[in-house]
Every structure is written in structure tokens, then in C-alpha cells.
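Report on the structure given below.
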Amino acid sequence: MTLLNKLLHNYDITLDKAGVSGTRLAQRLDSLSKIGPTPEGGSFRLGLSLEEKQAKELVKTWMKEAGLEVTEDGAGNVFGKLEGKNSSLPSIWTGSHVDSVPNGGHFDGPLGVLAALEVIEAWKETGFQPNRNVEVVIFTDEEGSRFYSGLMGSRAVTGEIEYNVQFERVDSEGTTFSQALEAYGSNKDQFKKAKRNMEEVELFVEVHIEQGKQLEKANMPVGIVTGIAGPYVMEVHFSGVAGHAGNTPMNDRTDALVTASEFICKVETLPAQISSTAVATVGKLFVKPNGVNVIPGQVELFVDIRDIDEENRDKLVDLVHQAAYEIATNRGVEAKIVEHLRIPPVPIRQELQEKLKSVLESYGIEPTYIPSGAGHDAMILGNKVPVAMIFARSKDGISHNPKEWTTLNDCVYSVHVLKDFIEEISD
């Protein structure tokens with residue numbers, strides 16, 4: 001069964017109202033899914049790749065057909081502007097991204113872009129004009145899978161980027177970011193010009209799949225994001241002594257891997273000491289010399305720490321640091337910590353949550369409030385302008401996977417909520 005047929009199966013046609021078309025949305029999700037397909041039925045559209053560019057070009061065509069003024073900056077970010085009644089007012093931005101992780105799903109990113117575009121299509125059909133300009137945005141390379149540095153497009157727009165560091169990043173094929181930029185049709189000078197005056201933006205609102213199970217458990221199609229957790233990433237080195245696995249007694253070892261293992265188990269227990277929204281994950285680990293009959297002498301691992309409250313997040317960081325040094329000292333192993341990333345969490349203003357609550361209740365949807373543990377472009381823009389996020393229900397909480405699924409009913413509900421929210425905010 002094609003994605004289109006699967007989406008339209010059991011679709012509630014009564015959701016087609018106020019100019020919103022579920023069929024059109026489904027057709028566009030299906031069309032994007034055919035760009036960069038994988039054998040497993042997923043998507044493969046890395047940042048600054050030909051596939052990402054093809055997806056943007058297709059959406060640009062739809063934007064122009066909808067009557068939007070379309071531009072693209074030196075970072076590859078696409079903007080489709082609908083002029084409002086009072087174009088001197090700061091604009092409302094809404095959108096997401098169309099790049100994917102390797103063998104990703106078909107909703108993470110594209111739903112946010114196409115939901116925003118569907119709002120424009122609905123206004124076109126009903127003759128509605130917002131009070132202020134509305135810009136549909138496609139940000140480049142949100143996932144960061146190619147150059148190991150995500151949210152690139154939104155960071156370029158806000159100027160929250162170290163240009164020299166970014167330009168020298170290298171992908172798995174040995175291509176630098178600067179080289180990829182030129183192959184894409186831009187260059188370093190044009191990239192720097194992507195920075196926008198954020199005083200001209202009133203608000204950014206993003207629709208995204210939840211990538212979790214809270215809406216599914218609540219049996220609700222959409223929910224309200226309360227804040228976006230700020231990630232902190234540290235690299236921890238444990239240095240012990242490599243030795244022969246047969247000739248070194250158990251009581252005379254300085255095993256870096258056993259030390260790392262104790263640390264990993266300790267990390268799992270720490271978030272609960274801080275808050276209900278704090279998380280910590282060890283997801284990448286290297287063992288040296290990595291031999292079957294060799295006591296590990298070196299271990300390098302990465303810890304990802306997040307919370308929607310910055311003070312709590314940083315308290316957790318301190319606890320993890322302390323655990324690394326204490327466990328290493330107790331085992332006679334040397335520990336060294338390198339900080340790789342520290343981004344502030346972004347709280348969503350209470351008044352924006354209240355407006356979304358009112359919209360949800362108008363559709364008979366009981367508001368479900370969800371903190372976002374994942375990073376989004378809204379997190380970067382949230383350091384400059386107010387942001388809001390709407391989550392759509394994810395089946396089984398699966399994401400970054402070909403099995404990623406959000407029903408068309410839930411997708412269309414997200415469009416209606418976004419549309420009504422922007423109409424209220426734009427006044």
C-alpha cells in the first residue's frame with residue numbers, strides 16, 4: 001500500500017472544512033516521501049544534499065501556486081511570504097524542515113512544513129487575509145546527520161552559529177561544509193547573509209510529530225508543548241591500564257570499561273533526583289584497544305543531558321560530572337570531561353499555551369501538555385522571539401524510523417489548530 005493510500009484509509013472526510021483539504025495534505029506528504037526513498041520504505045534526505053534540495057524545490061512550486069512570494073537565502077532556508085493587511089507589523093513564521101536522518105520517517109519535519117502551507121491554501125480558498133505577514137519556512141539541515149551539527153538553517157537565520165567552525169565541518173565522505181555549500185549553489189559569504197533581523201518576527205510556531213507516547217496514552221490527536229529541553233553534551237574519557245586478560249588478576253586491574261559501566265549505571269539514576277522532565281543518556285561509546293583478550297585501557301563515551309528548566313539541567317550536569325570523577329577515583333582510573341554542546345532550554349510562554357488551549361477546546365480536544373525532549377528549530381528561534389509548538393500524535397512513539405506514523409486525521413487536526421491559532425495571534 002502506498003503512503004497516500006495508507007493515509008487516506010479511514011480518513012474522516014468531515015475534517016475537510018474551512019478550506020482545509022486532507023486529501024491535498026496526504027498527496028503532498030506522499031510526493032515528498034518519493035524523494036530519497038530507502039529500501040526499507042523510509043526517507044534519506046541529508047542536509048545540503050540533492051534530495052533535500054529536490055524536496056525544497058517541490059514545496060517551492062506549491063508555495064508559488066498558493067500565491068506566496070518565495071525566496072531562498074544563502075543557507076538554503078526557504079521562505080514563502082503571504083502579505084497581511086498591515087505588512088508593517090512583525091511577521092508570524094511557521095514551518096519546519098524537509099531533511100531527514102538516514103532511513104528516517106515521512107512525518108518528522110515535512111508535516112510542519114505542509115501543515116503551514118495547508119493553512120495558506122485554506123485562507124486562499126476562503127478569502128481570508130491575516131492582519132500581519134505570515135511566512136512559511138523550510139529550514140535547512142535540522143537533523144544534522146551529515147555534518148554532526150543540527151539546526152543549521154535556524155542557527156544561520158538567528159546568527160547563533162560559529163561560522164569558521166561550521167565551514168570546516170566534514171561529512172563521512174570527507175566533504176567539508178563549505179564544499180557542500182558550493183555544490184548546493186551557495187558559498188560562505190552568502191551563508192553569512194542568511195542572518196535575519198529577528199525584531200521583524202512576532203512569533204514562530206511549529207507543528208511537529210510528538211516522537212513520544214503521551215498523546216497516544218491520552219487518546220488525543222494533538223497537544224501543547226510546554227517547553228523545549230536544552231541539550232548538554234559531554235564527552236567523558238576514562239583512562240586505565242590495558243593488560244592481558246589471562247595473566248592479570250582480578251584484584252590487580254585498572255579497567256576503564258568496568259569504570260565506565262559503573263558510571264553509565266549511575267547516570268541512569270540521576271535525573272530522578274532533579275526533576276520529572278530531566279533525562280540523561282549514554283548513547284555512544286568507544287573502547288580501546290577493543291580486543292577480546294585485552295583489559296580495556298581507554299573508554300570514550302558521550303552523555304546527552306536535557307531538561308526544560310535550565311537551572312535543573314545544569315544541576316544534573318554537575319551531578320554527572322561529580323559521578324564521573326568519584327567513580328574514576330575509587331577505581332584508580334583517570335577521568336577527563338570535554339563539553340561539546342550547551343544550549344539553553346526554551347520555555348513556551350504561558351499566554352501562548354492558553355491560546356492553544358482555547359483552540360483545542362473549541363474542537364473538543366482535552367489539552368495535553370507535553371515537554372519536548374527533542375531539539376527543534378523552534379528551540380533556536382526561541383532564544384530570539386516567542387515560540388509555540390503543536391505536537392501531533394505519534395503511533396507507538398516511533399520516530400527517525402520508516403515505521404514513523406501519524407494518521408491523516410491527526411495531521412489535519414494539527415492544521416486546524418495551527419490555522420485558528422495564527423488567526424487569533426495575527427490580530
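Just so it is clear, the structure is predicted and the values come from calculations on it, not from any experiment.
Atom CD of Glu125 has more than 12 neighbouring heavy atoms from other residues, nucleotides or ligands inside a 6.0 Å radius. More than 12 heavy atoms of other shown residues, nucleotides or ligands fall within 6.0 angstrom of atom CG in Asn5. More than 12 non-hydrogen atoms from other residues, nucleotides or ligands lie less than 6.0 angstrom from CD of Glu351. In the displayed structure, Glu173 atom CD is contacted under 6.0 Å by at most 12 heavy atoms of other residues, nucleotides or ligands. Atom CD of Glu366 has 12 or fewer neighbouring heavy atoms from other residues, nucleotides or ligands inside a 6.0 Å radius. Counting non-hydrogen atoms of neighbouring residues, nucleotides and ligands closer than 6.0 angstrom, the NZ atom of Lys60 exceeds 12 such neighbours.
Using cut-offs of 30° and 60° on the angle between ring planes, the pair Phe191 and Tyr163 is perpendicular.
In terms of the side chain to side chain contact (heavy atoms under 4.5 Å, CB included) criterion, residue partners of Thr407 (sequence neighbours excluded) are, by chain and number, Trp405, Asn409, Asp410. Not counting sequence neighbours, the partners of Asp255 by the side chain to side chain contact (heavy atoms under 4.5 Å, CB included) test are Leu257, Val258, Ile295, Pro296. By the side-chain hydrogen bond (donor to acceptor under 3.5 Å, both in side chains) test, Glu300 pairs with Lys288, sequence neighbours left out. Partners of Thr61 under the side chain to side chain contact (heavy atoms under 4.5 Å, CB included) rule, at least two apart in sequence or in another chain, are Glu65.
Of the N and O atoms on the side chains of Gln350 and Glu354, at least one donor lies less than 3.5 Å from an acceptor on the other residue. Residues Glu210 and Ser394 bring no donor and acceptor atom of their side chains to less than 3.5 Å of each other. For the 3.5 Å distance criterion, the side chains of Trp123 and Glu423 qualify, holding a donor opposite an acceptor. Side-chain contact, Tyr11 with Asp16: a donor N or O sits under 3.5 Å from an acceptor N or O.
Shortest non-hydrogen contact noted between Ser178 and Lys188 is OG-CD, 3.5 Å.
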Under 3.5 Å, side-chain donor or acceptor atoms of residues 372-381 against the rest of the protein: list the pairs with distances, not counting sequence neighbours.
residue: Ser372; atom: OG; partner: Ala374; partner atom: O; Å: 2.9
residue: Ser372; atom: OG; partner: His376; partner atom: NE2; Å: 3.0
residue: Asp377; atom: OD1; partner: Ser154; partner atom: OG; Å: 2.7

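The ring-ring contact (aromatic ring centres under 6.0 Å, His included) pairs that include a residue from residues 13-39 number zero, where partners must be two or more places apart or lie in different chains.
Exactly one of Leu352, Ile348, Val205 qualifies for a side chain to side chain contact (heavy atoms under 4.5 Å, CB included) with Val387. That residue is Ile348. For the side chain to side chain donor-acceptor pair (under 3.5 Å) criterion with Thr140, the lone passing option out of His97, Lys56, Glu72, Arg155 is Lys56.
For Trp93 and Phe204, the ring centers sit 6.0 Å or farther from each other.
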How far apart are the C-alpha atoms of Glu160 and Lys384, what are their side-chain angles, what is the distance that settles it, and do they pass the salt bridge (Lys or Arg N to Asp or Glu O under 4.0 Å) test?
CA-CA 10 Å; Glu160 298 287 310; Lys384 300 292 184 179; 3.0 Å; yes
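A salt bridge does not link Arg146 to Glu52: none of the charged nitrogens lies less than 4.0 Å from a carboxylate oxygen. Salt bridge present: Lys357 and Glu361 bring a charged side-chain N and a carboxylate O closer than 4.0 Å.
Side chain of Glu404 to backbone of Asp108: a donor-acceptor contact under 3.5 angstrom is found.
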